[in-house]
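A quick write-up on the structure given underneath.
Remember, it's 1-based here, ligands and their atoms both numbered in the order they're listed.
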Amino acid sequence: MAAIKPFSLFRSHITVRALARRNPISQARPLFHLPHHFRRAMSYVRATTDEEASAKAAAADADRGAPTIFDKIIAKEIPSTVVYEDEKVLGFRDINPQAPVHVILIPKARDGLTQLSKAEARHEEILGHLLYAAKKVAEKEGILDGFRVVINDGPTACQSVYHLHLHVLGGRQMKWPPG
Ligand code: 5GP
């Protein structure tokens, strides 16, 4: 079940209000008169809808080439728990982990790589470097017996930060298909 991301929540008061105008599910009216399981299902729908709306809003910003939260993490303007770093990439723990190990791996220079689908031939080297760094992160984190590397690309995949990044996930049994 998709968790509500704190990061998404930060932006969601805007999107929830926007959605509320169109979507009665997003209205903040309490649903206490409904059975518990139904309320849980409704809040899941609300969280998922929020996540999708946030992803769409983030995609609009991406087109403007706006800096992202990851620029601040690279510049150490906001704190993060770094688990891997070399001259080209930075790996740090996700603020909203979806597994016992959840590391975000990014190129230090975005160089137009807001998302994988924007990759060009000149990015081949950094893309390979990122994948190899993912293996090193998995090794460092002790999850070489099984881990997953995810790239969310675009609003349909719920990408929320437009600076290419790999999610390195592990430390629990993964399921397939992913949500
Ligand atoms: P996406 O949804 O774009 O594939 O992934 C973005 C990831 O960045 C999310 O998993 C989210 O939790 C993470 N994230 C967003 N903001 C921050 C932050 O300020 N610090 C850290 N460590 N992770 C963040």
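Residue-ligand proximity: H165 is placed with a non-hydrogen atom under 4.0 Å from ligand 1. Residue contacts with ligand 1: F70 is included, with a non-hydrogen atom under 4.0 Å away. Distances shorter than 4.0 angstrom do not occur between any heavy atom of S80 and any atom of ligand 1. Using a non-hydrogen distance threshold of 4.0 Å, Q98 does not register as a contact of ligand 1.
For the residue pair D153 and Q115, a side-chain donor N or O sits within less than 3.5 Å of a side-chain acceptor on the partner. With hydrogens and angles left out, the side-chain atoms of K140 and Y84 include no donor and acceptor closer than 3.5 Å.
Within the listing of ligand 1, atoms 1 (P), 4 (O), 5 (O), 7 (C), 10 (O) sit less than 4.0 angstrom from a heavy atom of H167. Using a 4.0 Å cut-off to heavy atoms of Q159, the atoms of ligand 1 that qualify are 3 (O). Near S160, the atoms of ligand 1 lying under 4.0 angstrom from a non-hydrogen atom of the residue are 1 (P), 2 (O), 3 (O), 5 (O), 6 (C). Within ligand 1, the atoms closer than 4.0 Å to a non-hydrogen atom of N96 are 12 (O), numbered from 1 in the order shown.
When only interatomic distances are considered, the shortest N/O to N/O separation between H102 and ligand 1 does not fall below 3.5 Å. Between I73 and ligand 1, not a single N/O pair is under 3.5 Å apart. An N or O contact shorter than 3.5 Å links C158 to ligand 1 by distance.
For the side chain to side chain contact (heavy atoms under 4.5 Å, CB included) criterion with L164, the lone passing option out of L105, L130, T114, I126 is L130.
The pair K108-E85 counts as a salt bridge, with a side-chain nitrogen and a carboxylate oxygen less than 4.0 angstrom apart. The pair K56-E51 does not count as a salt bridge, with every side-chain nitrogen at least 4.0 angstrom from each carboxylate oxygen.
The OG1 atom of T68 sits 6.0 Å away from atom CZ of R110, with the distance rounded to the nearest 0.5 Å.
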Chi angles and distances behind the salt bridge (Lys or Arg N to Asp or Glu O under 4.0 Å) call for E141, K136:
CA-CA 9 Å; E141 295 289 309; K136 289 199 233 175; over 6 Å; no

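The aromatic ring centroids of H163 and H165 lie 6.0 Å or more from each other.
With a 4.0 Å heavy-atom cut-off, ligand 1 is reached by the side chain of I69 but not by its N, CA, C or O.
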